[in-house]
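All remarks here apply to the structure that follows.
Keep in mind that what you see is a predicted model, and the values were worked out from it rather than measured. Side-chain atoms are counted along with the backbone in the values below, which use heavy atoms only and exclude waters and symmetry mates. Just so we're on the same page: letters track the sequence lines, and every chain starts at 1.
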Amino acid sequence: MEIKFFDTKEKKKTVFKPIDLKEIKLYVCGPTVYDRAHIGNARPAVVFDVLFRFLRYNFGKNCVTYVRNFTDIDDKINKQSMDTGRSIKSITDETIKWYKQDMLQLNVLEPSKSPRATEFVGAMIKQISILINNKNAYQDDTGHVLFSTRSFPDYGLLSHRKLDEMNFGSRVAVSDNKRDPLDFILWKPSDEKTPGWDSPWGRGRPGWHIECSAMIHELLGESFDIHGGGIDLVFPHHENEIAQSCCSYPKGGFANIWMHNGFLQIEGEKMAKSSGNFFTVQDLIQMGVNGEVIRMVLMLTHYRQPLDWTRQRVSDASKVLNKWRLLCAGKRASKSPASSVLAALADDLNTPKAFAELHELASAGNYSELLSSAQFLGLMEQDLNEALPTIQLSDFETKKIKSLLRKRFEAKKVKDFVTADQIRKKIERVGIILQDKSDKTEWSLSPNFNRKKMKDL
RNA sequence: GGCCUGAUGGCAGAGUGGUGAUGCACCGGAUUGCAAAUCCGUUUACAGCGGUUCGAUUCCGCUUCAGGCCUCCA
């Protein structure tokens, strides 16, 4: 099967050719850990989880190395620590724990490696030293180390910008310590209150971009297959990563393919903390939105498109999942997912197309492939029975319902439909669904089941 | 100001140079005492204006609108 991915740098779909079939290497920029993961954080996690699953299927479970970092050095974290008096370690440890729990709810697989920036400061210092030696970086007299952007001729190839067209300084004052407005910080000094590490340039901390370059070099080497992240990272973060890495390790090719997921909107509005249309994965789960439903909504739109998060889509997704669950109940999953679904994913992870194929499988009655394909996408994995409401009725309550149903059955027998319908309404008000079959009436608890109303029966 | 992306039926959302996905909703029908579920079927689209072509929703140009990036951001 030919696999194609859209490469941000080439601006077109390109055939995926692994560097080494024995180890496919994937790196994705993970979260900065200072707060609960919001729904926008969840999108890349799910998108690249689909990619991870797909690569593992195609090239072998043990032949894919997926690295997703935790950024635990950041001025937002520092600020929170100052504001709350909590230690940085306690903040980042807790946030990482939350993140892992949340991603588990979304059925996102653990990456092969989840390095933390703080574990790689030594590697960053080493790389910065190389850059200074290579004359790609310089130290100013205030303890900053800056990357000399114009020393890298290919700067701008990823984000398709020309250096001279960039209107730097128009919105942000250019610091005096930069020799060129395009230069960016590799290392900055820390005061007493701010976390810092000893370095050849004094006590300080790394700039944001260098961590990914250093971790990639340590964990994946000089060349790797796919680098992913949110579209907002293309410039400057990924552009800067390329510059740093290619200048410090010029023999390597860094990332072969760049994949970026689109942004998320809420009910048609830009997601922003300031405007209040913002929620975390945990908020959604507390509201009763199943993690599986969240995952499905995130896959319902192609990963490169903007995704509008609406109540409508949440309810659509949950309706479809319920339907599929009923269809697949008691069925065994086929050994491999449907080839139509795999083909959709092979075409730049076309998950909406994959769902269309799932619908085809459902209407064709091919439930075992429907189940295995859904599971391949990270859905319908838990025991089908466990997903249904787990409320247990007492014997007394069960007897009560059964006796009412018997009364109704007798009424129906003598064609007393008025009584039969009264009993139906009464039972349905409690949140119990009745289904008349030719010889009996089946009943089940709906999601709206209200135990308190059982008294009224 | 610079750069970039997108505009598909009531809604969501793929895709394609010529047989108009898929889901939800709607409508009609089957089934049902009723209801639910299920099944069958119908209808509705490619922002606008030009160009290329035998033929464009699909390629090119312009216009309009929307969004993003250029500052921390997934």
Side-chain angles (χ1 to χ4, degrees), chain A residues 8 11 28-32 34-35 37-48 68 71 74-76 79 156 159-162 164-174 181-182 184 208 228-237 239 260-265 268-273 296-308 310 312-313 315-317 319-320 322-324 326-327 344 347-348 350-363 365 408 411-413 415-418 420-422 424-425 427-428 433-438 441-444 446:
Chain A
T8 305
K11 285 165 85 166
V28 172
C29 288
T32 302
Y34 66 103
D35 206 353
H38 56 70
I39 189 69
N41 289 313
R43 166 117 107 145
V46 168
V47 163
F48 292 106
R68 188 188 60 205
T71 298
D74 184 275
D75 284 347
K76 282 194 289 287
K79 183 177 183 299
S159 54
H160 310 104
R161 285 156 207 255
K162 293 182 182 113
D164 294 323
E165 281 176 4
M166 281 196 274
N167 199 359
F168 265 70
S170 66
R171 295 175 61 174
V172 178
V174 177
L182 294 163
F184 58 91
W208 171 40
I231 187 83
D232 55 314
L233 295 178
V234 174
F235 188 89
H237 184 53
E239 197 71 72
H260 293 98
N261 63 274
F263 249 48
L264 200 109
Q265 294 188 306
E269 300 284 323
K270 184 181 175 173
M271 186 179 93
K273 287 185 180 179
M296 175 140 172
V297 170
L298 292 174
M299 293 194 293
L300 233 32
T301 299
H302 184 93
Y303 77 93
R304 282 193 282 123
Q305 297 294 119
L307 190 160
D308 192 15
T310 60
Q312 182 64 47
R313 320 178 93 229
S315 99
D316 284 355
K319 223 186 272 182
V320 170
N322 278 336
K323 182 182 162 187
W324 287 347
L326 287 172
L327 291 175
D347 183 13
D348 195 29
N350 195 336
T351 48
K353 184 84 162 56
F355 281 117
E357 301 298 347
L358 255 47
H359 284 294
E360 294 285 347
L361 293 172
S363 57
R408 181 162 175 267
K412 276 172 65 176
K413 232 176 173 177
K415 298 212 189 289
D416 178 5
F417 296 124
V418 176
D421 288 352
Q422 275 173 353
R424 166 188 283 287
K425 277 190 180 156
I427 295 181
E428 283 179 341
I433 301 166
L434 296 188
Q435 286 187 51
D436 285 343
K437 298 286 163 79
S438 55
T441 297
E442 290 180 355
W443 60 281
S444 57
S446 85

| query | When you compare B/G20 with B/G41, how far apart are their P atoms, in angstrom units rounded to a whole number? | reply | 15 Å

| task | Grab the CD-C1' distance between A/Gln435 and B/U38 for me, whole Å please. | result | 10 Å

| request: Take the protein atom CE of A/Met296 and the nucleotide atom P of B/C24, then report the distance between them rounded to whole Å. | output: 10 Å

| task | Please work out if A/Thr32 contacts a base, only the sugar-phosphate, or nothing of the nucleic acid, heavy-atom cut-off 4.0 Å. | result | sugar-phosphate

| request: Under 4.0 Å between any heavy atoms, over every strand shown, what does A/Asp421 touch: base, sugar-phosphate, or nothing? Just pick one. | output: base

| When rounded to the nearest Å, what value does the distance between C1' atoms of B/A45 and B/G13 take? | 12 Å

| message | Base, sugar-phosphate or nothing for A/Arg68? Non-hydrogen atoms, less than 4.0 Å. | response | nothing

| message | On RNA chain B, compare the nucleotides closest to A/Ala420 and A/Asp308; which residue's is nearer the 5' end? | response | A/Asp308

Under 3.5 Å, sequence neighbours excluded: what are the donor-acceptor pairs made by side chains of residues 353-361 of chain A?
{"residue": "A/Lys353", "atom": "NZ", "partner": "A/Glu357", "partner atom": "OE2", "Å": "3.0"}

| Rounded to the Å, how far apart are A/Lys412 NZ and B/U32 P? | 13 Å

| task | Determine the Euclidean distance between corresponding P atoms of B/C24 and B/U42; express it in Å to zero decimal places. | result | 16 Å

| Which listed nucleotide (B/A14, B/U22, B/A74) is nearest to the side chain of A/His38? | B/A74

| query | Using atom P of each nucleotide, how far apart are B/U8 and B/C70 to the nearest Å? | reply | 26 Å

| query | Which whole number of Å gives the distance between the P atom of B/A36 and that of B/A21? | reply | 29 Å

| task | Could you tell me whether A/Lys415 contacts a base, only the sugar-phosphate backbone, or nothing, with contacts defined as non-hydrogen atoms closer than 4.0 Å? | result | nothing

| message | Taking B/U57 as the reference, what is the distance to B/G18 when you measure between their C1' atoms (whole Å, please)? | response | 12 Å

| Nearest listed nucleotide, side chain of A/Asn41, among B/C72, B/A74, B/U22 | B/A74

| request: Write down the distance separating the C1' atoms in B/A12 and B/A30, rounded off to the nearest Å. | output: 29 Å

| query | Would you say the base of B/G67 and the side-chain of A/Arg304 have a donor-acceptor pair closer than 3.5 Å? | reply | no

| query | What stem regions, each of at least 3 consecutive Watson-Crick or G-U pairs below 3.5 Å, can be found for RNA chain B? | reply | B:1-7 with B:64-70, B:10-12 with B:22-24, B:27-30 with B:38-41, B:47-51 with B:59-63

| Heavy atoms under 4.0 Å, any strand shown: does A/Glu428 hit a base, just sugar-phosphate, or nothing? | nothing

| task | Answer yes or no: side-chain N or O of A/Asp232 and base N or O of B/G68 forming a donor-acceptor pair under 3.5 Å. | result | no

| request: Could you check how far CZ of A/Arg313 sits from P of B/G10, rounded to whole Å? | output: 18 Å

| task | Check every strand shown and say whether A/Ile231 touches a base, only sugar-phosphate, or nothing at a heavy-atom separation below 4.0 Å. | result | nothing

| message | Students often get this wrong, so: under 4.0 angstrom with heavy atoms, is A/Pro306 touching a base, only sugar-phosphate, or nothing? | response | nothing

| Nucleotide nearest A/Lys11 when distance is taken to its side chain, options B/A14, B/C4, B/G23 | B/C4

| Do A/Asp35 and A/Lys76 have side chains that get closer than 4.5 Å, going by heavy atoms? | no

| request: Using the C1' atom as the reference point in each nucleotide, state the distance between B/G15 and B/U58 in Å, no decimals. | output: 9 Å

| query | Among A/Asn261, A/Asp348, A/Asn350, which one satisfies side chain to side chain donor-acceptor pair (under 3.5 Å) with A/Tyr303? | reply | A/Asp348

| query | Nearest of B/A21, B/C24, B/C70 to any side-chain atom of A/Arg161? | reply | B/C70

| query | Which whole-number value in Å describes the distance from A/His302 NE2 to B/A21 P? | reply | 21 Å

| Nucleotide nearest A/Asn350 (side chain, heavy atoms from C-beta), chosen from B/C72, B/G15, B/G33 | B/G15

| request: Would you indicate what A/Lys413 reaches in the nucleic acid, counting non-hydrogen atoms under 4.0 angstrom: base, sugar-phosphate, or nothing? | output: nothing

| query | Touch check for A/Glu357, heavy atoms < 4.0 angstrom, all strands: base, sugar-phosphate only, or nothing? | reply | nothing

| request: Select base, sugar-phosphate, or nothing to describe what A/Leu434 touches, counting heavy atoms under 4.0 Å on all strands. | output: base

| said: Is there, by distance only and without an angle test, a donor paired with an acceptor across the side chain of A/Arg424 and the base of B/A35 below 3.5 Å? | reply: yes

| request: Please determine, for the side chain of A/Asn261, which listed nucleotide (B/A74, B/G33, B/G2) has the closest atom? | output: B/A74

| query | Out of B/C70, B/G33, B/G23, which has the shortest distance to the side chain of A/Asp436? | reply | B/G33

| task | Find the distance A/Lys323:NZ to B/G23:P and express it as a whole number of Å. | result | 7 Å

| message | Once you apply a heavy-atom cut-off of 4.0 Å, does A/His260 come out as touching a base, just sugar-phosphate, or nothing? | response | nothing

| B/A74 base stacked by A/Phe263? Criteria: ring centres under 5.5 Å, plane angle under 30°. | yes

| message | Nearest to the A/Arg408 side chain among B/A74, B/C24, B/G33, which nucleotide is it? | response | B/G33

| Which residue, A/Gly230 or A/Thr301, contacts RNA chain B at a nucleotide closer to its 5' end, judged by nearest heavy atom? | A/Thr301

| request: Compare all side-chain heavy atoms of A/His237 with those of A/Phe235 and state whether any distance is below 4.5 angstrom. | output: no

| Under 6.0 Å from the six-membered ring centre of A/Phe48 and within 45° of its axis: does the NZ or CZ of A/Arg68 meet both? | no

| remark: Rounded to whole Å, the CD-C1' distance (A/Gln265 to B/A66) equals 9 Å

| request: Grab the CG-C1' distance between A/Leu307 and B/A14 for me, whole Å please. | output: 15 Å

| Within the distance-only criterion (no hydrogens, no angle test), does the side chain of A/Arg408 pair as donor or acceptor with the backbone N or O of A/Ala420 below 3.5 angstrom? | yes

